[in-house]
Amino acid sequence: MAYMMNAWTVTRPGPIEGRPLEFVRLPVPEPGPGEVLIKVEVCAVCRTDLHLAEGDLAPRRPGTVPGHEAVGRVAGHGAGAGRLATGTRVGVAWLRSTCGRCAYCLRGAENLCPYSTYTGWDADGGYAEYVVAPEDFVYVLPEEYPAQELAPLLCAGIIGFRALSRAELPPGGRLGLYGFGASAHLTLQVALADGARVHVLTRSAQARRLAVELGAASADDAYAEPPEPLDAAILFAPVGDLVPTALAALDRGGTLAVAGIHLTDVPVLGYERHLFYERTLRSVTANTRADGHAYLEHVARRPPRITTVRYDFDQADLALTDLAADRVTGVAVLMVGDSA
Ligand SMILES: [Zn+2]
Ligand SMILES: [Zn+2]
């Protein structure tokens, strides 16, 4: 008989008030070839989980377990796996697999692989007591930090780090962050370490206070004009209406990177007002493993201050409801299992 575990599944994608998530009993998954079984301690809550629960991201299979920022320990191996010993502390992130053979994979752009799969979308994720993941795609994590401070690094941190590189902020430059959730609060700290001056633009007054506390030069409403022109900006809020606002705030030659996987429609742009003078608008699509390793090396040198809001494992739907209502300042984390 299979061992059973507790897990959350997206049963009926729809508005979060309609409780699209269900707390269920599932068999503990079996690691397939090249995969490891991981006992989950903590899984951070990402806005993408909310997009999946609400159906903004079309489900790729019914009843998926969401969650792609899971920290735990290796508890079993599938055929051919074994590089990571049982008990190794690891993180499971969004990028679950790539083909390794297509033109994108071969040129180091595996985030664009057409055959890539994603944790908590194509396969069950970390809102569960156990998760399986390809051994080559999990990150070995340090022992000296609590799991709830490591989990947010796995998507919020890594994606923000890639978004910052896509925004091509010049050294000592002026950066605008539109929206200030989990990812932005980590990205701010990377930018400050690089010597940037950072302006945060977000509708949540509590998030603005946190931004200033963490070292932002200014914090104002999302649609406000920043106090100086920006060399680069990152749009974290999933709000297409902010694209023209952020483009208009750029200095000549500036770049706006859109960090989210989902964005509401972008209004019509005016060429002269929004794009001329060589302003650039670009997207950010997932991340490569190289981004992940580079970010984890960065935080090993400069550990970020991580503001977490903890939820018990059986409160995942509450965590997503709070996230939808802007009631989470920092990162929501699900305390899944003990760290035994
Ligand atoms: Zn994410
Ligand atoms: Zn590929």
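Heavy-atom basis, side chains included; hydrogens, waters and symmetry copies ignored. Each ligand, and each atom within it, is numbered from 1 in the order the structure gives. The first residue in the sequence is number 1, and the count goes up from there.
Listing protein N, O or S atoms at distances below 2.8 Å from the Zn ion (ligand 1), with waters left out, gives Cys46 SG, His68 NE2, Cys155 SG. Around the Zn ion (ligand 2), the protein N, O or S atoms found under 2.8 Å comprise Cys99 SG, Cys102 SG, Cys105 SG, Cys113 SG.
Annotation for Arg61: atom CZ counts as buried by contact number, over 12 foreign heavy atoms lying within 6.0 Å.
In this structure, a donor-acceptor pair under 3.5 Å is present between the side chains of His68 and Asp49. Between the side chains of His199 and Glu228, at least one donor N or O lies within less than 3.5 Å of an accepting N or O.
The pair Glu213-Arg208 does not count as a salt bridge, with every side-chain nitrogen at least 4.0 angstrom from each carboxylate oxygen. At a threshold of 4.0 Å, the pair Glu35-Arg96 counts as salt-bridged, since one of the basic side-chain nitrogens sits closer than that to a carboxylate oxygen. Ion pairing of Asp221 with Arg203 is absent here, as no side-chain N (NZ or NE/NH1/NH2) approaches a carboxylate O to less than 4.0 Å.
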What's the verdict on ring pair (Phe, Tyr, Trp, His ring centres under 6.0 Å) for Phe313 and Phe23, showing C-alpha distance, side-chain angles and the deciding distance?
CA-CA 10 Å; Phe313 183 31; Phe23 199 46; 5.3 Å; yes

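When hydrophobic clusters are built by joining Ile, Leu, Val, Met, Phe, Trp and Tyr residues whose side-chain heavy atoms come closer than 4.5 Å, directly or via intermediates, Val45 is grouped together with Leu50.
Contact detail for Ala294 and Phe161: the closest heavy-atom pair is CB-CE2, 3.7 Å.
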